[in-house]
Amino acid sequence: MEIFAGLMQGFALALQPANLLWCLVGVALGTVVGILPGLGPPATIAMLLPLTFLMNPASAMIMLAGIYYGAKYGGSTTSILLNVPGESASVVTCLDGYQMAKKGRAGAALGIAAIASFIAGTVGVLGLMLIAPPLARLALAFSAPEYFGLMALGLAMVVLLAGRSLLKALLSMLVGLWLAGIGTDLFSSESRFTFGRMELLSGIDFVVVAIGVFAIGEVLANLEEPAAPQTLPIPKGWRNLLPTLQDLRDCRFAFANGSIVGFLIGVLPGAGSTIASFISYGVEKAVSRRREEFGTGVIEGVAAPEGANNSETGGALVPLLTLGIPGSGTTAILLAALVLWGFKPGPLFISDNPSLFWSLVASMYIGNVMLLVLNLPLVPLFAQVLRAPAYVLFPIILGVSMVGVYSTSSSLFDVGLLAGFGLLGYLMRKLDYPNAPLILGLVLGGAMERALRQSLMMSDGSLTILFARPISAVMLSLALLILLIPVVSRVNAWRRRLLS
Amino acid sequence: MRYRSGDFWSGLALAALGGYIVSAARGWEYLGQDGPGPGFFPLWYGIAMLALSLVLIFSKKENQKIEWQGAGRAFAAWAAFAVSVAVLKLVGFLVSFAVLTFFIVAVMYRRPPAVAALVAIGVAAGFWLVFPLALGVALP
C-alpha cells in the first residue's frame, strides 16, 4: 500500500510537463550517446552535471537517469549496424546482431533489441521499486562503524571493477582516495596536499575530475583514429523494424532471462551491465535448442543481452539509493550528483526524500515507454547521428567540458586542472588503468575517512569497535572475502595446472 | 626491456606519489586525544600505494603491449587544448575555443582551411548563443 501511494505521488510529479520534457531530453540524449561509439553515459553525465545546478533536483535526476538507461537502448544500434558496440554493455549484441544485419535482418534485430530493452527495463524498475524501500529500512540502524564497513565494502568492489589487472585497479582507487583527501581537514583544519595553493584549500571539485578523466580522456582516445567506420544500410520504413510473430515467440525465454539475470547482477555492486549481458547470453545459449547456431545471427542472441543490460540499470540503482554504494563509473557520478545537490544517498535517502525517489521511479517507467517509441520508428533517424562528423562533435565536447567546469566554480584554475585530469584520463586508458575505481575512491574516500575517525573517537582509538558490532563485522568480512576472490581464483588455477 | 614498459614508468610515478603522501602524512598528527588525526588515513593509503606500485615495478608478469601509434595525435590535441586553456584569460573563451576548433578540423582531420574556419566560427557562435544568451551561463 505504501509502495502504491509512493508510486502515485511519483507519477503526479513525473507527469508534470517540465519533468516529462526533461525525461524526454534525457532519454533522447542517452540514445544518441549510446549510438555514438566512444562517448559514454559517464562522460555525458559528468559534462552536464554543472548545468543541472540551474535545475530543480528532481528534474535533474530524471534527466541524468534518462541518459543512463537511454544509452543502453542506443548502444545496440551501432553493435547491429556497425559491429562496433556503442556501449561496453552492447559488446555481446555484436555477435548475433551484426550477423542478422549482414543477412538483411537489421530491422528485426533493432526492433527486438528495443522490445527486449523495454520489457527488461520495466522489470528492472519494478524490482527497484519493490526492493529499495525495505532494504533502506533495514539499513536505518547504521552508525559510524557500520558506515565505515559499508564504505570498505564499496571500495572492495574495486576487485569486480578491475579490468585485466587488479593491481592497477587498486592503484587507481588509491589515487582516488588521495584526491579525495586534498584540501582542509574538517576535524583539525589542517590543510593537506594543497602545495600552498589557496584554490586547493576547499578540495578538488568532483566535477573537474569526472569531466577530465571521462569526457576529455575519451575525446583524446577517439582522436587517435582519423577515420570513422562505415555502417551497414539502415532499414527504412516502420514495418521493416518490426520482428515477426515467430521472432517474438522465439524470444519469450530471452525476455525473462534478460530481465531476471540483468536485475540480479545489477544489484551486486561492481558487476555491471557488461557482465549481465554476457551471463544472460550464456544462459540463453545453454538452454537453447539451437545453441550451435548462436553467433550466426540468432534473434535470441540479441534479445537476451539487450534485455539484461537494461534491467541491470534498475538493479544498479538499488545499492546506490539505499546504501550509497555506487557499483560503476556512471552510478558513482550519479552519487556525486546527489551529494552536490545537497542529498545524502544512503539508508535515510528514501525516507527523507520520498518525492525525489518515487518521481525517479515513475519517470523510469515513463522513460522506458518513451524509449520504445523513440527506438522503434525513429531508429533510422537516430542512426543518422553516426554520420555526424567527428571534427564537429569533439570540439563541442571539449567546449562543453570547459564551460561546465567554469560554471561550477568560476575558477580558471579549475579549467587548468581539467586539462591535467584529461591527460590523466587518456594515459589511464593507454596504460590500461581502469578509471571507475579512481572515481569510486574519490567519491567514497571522504565519507570513509570521516566514518573511520568518528568510529575511533567513539571507541577511544580502539579498532575493535569495527569488529564488535555485528553489521560492520559482517560488512568488513564481506569486503575481505571480495578482496580474496582473485587470490582464491589464482590458487584454483594453480591447482588445476598442477593436476593436469 | 623492462624500463621501456608503461607499467614500469607508471609504477615509478605512483611510487613517487606514494612516497610523497607518506612523507607528508608523517608531518601531521597521527593519533591525538580526540582520536585519529589528519595524518592517520593518508599514511595508510600512502603506504598501500607505495607497496603496490613497487609490486608493479618489479612484477615479472609480461607487460601487455601498448599501442602507441596514434598517441601522437592525442598528445597534439591535448597540447592544443592545454594552450587554449592557458590563453583563456588573455583572449577569452570564444577566441581560444574557435582557434582550438580550427586546429582540430584543419590539422587533426585535414579538412580545407575554409571548412575549418566555417566550423570554428559556427561552433563558437553556437556556444555564445546557447550559454550566455539562452541559459545565462557565463563563459570562461
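Excluded from the calculations below are hydrogen atoms, water molecules and symmetry mates; all remaining heavy atoms, backbone and side chain alike, are included.
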- Identify which of A/Met458, A/Glu449, A/Met457 forms the greatest number of heavy-atom pairs closer than 4.5 Å to chain B. A/Glu449
- Do you know which of B/Ala71, B/Ala77, B/Ser53, B/Ala24 has the most heavy-atom pairs under 4.5 Å to chain A? B/Ala71
- For chain B, which of A/Lys430, A/Met448, A/Glu190, A/Met173 has the most heavy-atom pairs under 4.5 Å? A/Lys430
- Check whether any side-chain heavy atom of B/Ser84 sits under 4.5 Å from a side-chain heavy atom of A/Met402, and report yes or no. yes
- Query: Is any side-chain heavy atom of A/Ile396 closer than 4.5 Å to a side-chain heavy atom of B/Phe97?
  - Reply: no
- For B/Tyr45, is it the side chain, the backbone, both, or neither that has a heavy atom closer than 4.5 Å to a heavy atom of chain A? both
- Any side-chain heavy-atom pair of A/Arg192 and B/Pro42 under 4.5 Å: yes
- Determine the option with the most heavy-atom pairs under 4.5 angstrom with chain A, choosing from B/Ser10, B/Gly46, B/Gly72, B/Ala82. B/Ser10
- Query: Where is the tightest heavy-atom contact between B/Met49 and A/Leu171, given as atom of each residue plus distance?
  - Reply: O-CD2, 3.7 Å
- Step by step, would you call B/Tyr109 with A/Val392 a side chain to side chain contact (heavy atoms under 4.5 Å, CB included)? CA-CA 10 Å; B/Tyr109 284 94; A/Val392 176; over 6 Å; no
- Taking A/Val405, A/Leu170, A/Asp460, A/Val415 one by one, which has the highest count of heavy-atom pairs under 4.5 Å against chain B? A/Val415
- Message: Counting heavy-atom pairs closer than 4.5 Å to chain A, which one of B/Leu100, B/Val123, B/Thr101 comes out on top?
- Response: B/Thr101
- Message: Counting heavy-atom pairs under 4.5 Å with chain B, which one of A/Pro50, A/Gly181, A/Ala419 comes out on top?
- Response: A/Ala419
- Message: I need the residue from A/Val400, A/Leu418, A/Leu186 with the largest number of non-hydrogen atom pairs under 4.5 Å to chain B.
- Response: A/Val400
- Item | Shortest non-hydrogen contact between B/Gly37 and A/Arg453, atoms and distance | C-NH2, 3.5 Å
- Nearest heavy-atom neighbours spanning A/Glu224 and B/Ala74: CG-CB, 4.0 Å
- Query: So, for B/Gly6 and A/Leu431, which heavy atoms are closest and what is the spacing to 0.1 Å?
  - Reply: CA-CD2, 3.6 Å
- Message: Which residues pass the side chain to side chain contact (heavy atoms under 4.5 Å, CB included) test with A/Leu423, not counting sequence neighbours?
- Response: A/Leu427, B/Phe75, B/Trp78
- Task: Below 4.5 Å from any heavy atom of chain B, which atoms of A/Ser191 appear? Answer side chain, backbone, both or neither.
- Result: backbone
- Query: Which bit of B/Leu14 is near chain A, if near means a heavy-atom gap under 4.5 Å: side chain, backbone, both or neither?
  - Reply: side chain
- Message: Quick check on B/Phe103 against chain A: is it the side chain, the backbone, both or neither that has a heavy atom closer than 4.5 Å?
- Response: neither
- Message: Heavy-atom cut-off 4.5 Å, strictly under: side chain, backbone, both or neither for B/Val105 against chain A?
- Response: both
- Message: Under 6.0 Å between ring centres: does that hold for B/Tyr20 and A/Phe195?
- Response: yes
- Note on the structure: Turns out that what part of B/Arg110 lies under 4.5 Å from chain A's heavy atoms comes down to neither
- How long is the gap from CG on A/Leu452 to CZ on B/Phe40, to the nearest 0.5 Å? 5.0 Å
- Should A/Leu398 and B/Ile104 count as side-chain neighbours, where that means a heavy-atom distance under 4.5 Å? yes
- Query: Looking only at heavy atoms, what is the nearest atom pair of A/Val403 and B/Ala138, with distance?
  - Reply: CG1-O, 4.4 Å
- Item | Aromatic ring pairing A/Phe193/B/Trp28, orientation class (parallel under 30°, perpendicular over 60°, tilted between) | perpendicular
- Query: For the candidates A/Tyr426, A/Tyr406, A/Tyr433, which exhibits the highest count of non-hydrogen atom pairs separated by less than 4.5 Å from chain B?
  - Reply: A/Tyr406
- Query: Looking at B/Gly70, B/Gly27, B/Gly11, which one has more heavy-atom pairs under 4.5 Å with chain A than the rest?
  - Reply: B/Gly70
- Picking from B/Leu17, B/Val115, B/Leu31, which has the most non-hydrogen pairs under 4.5 angstrom with chain A? B/Leu17
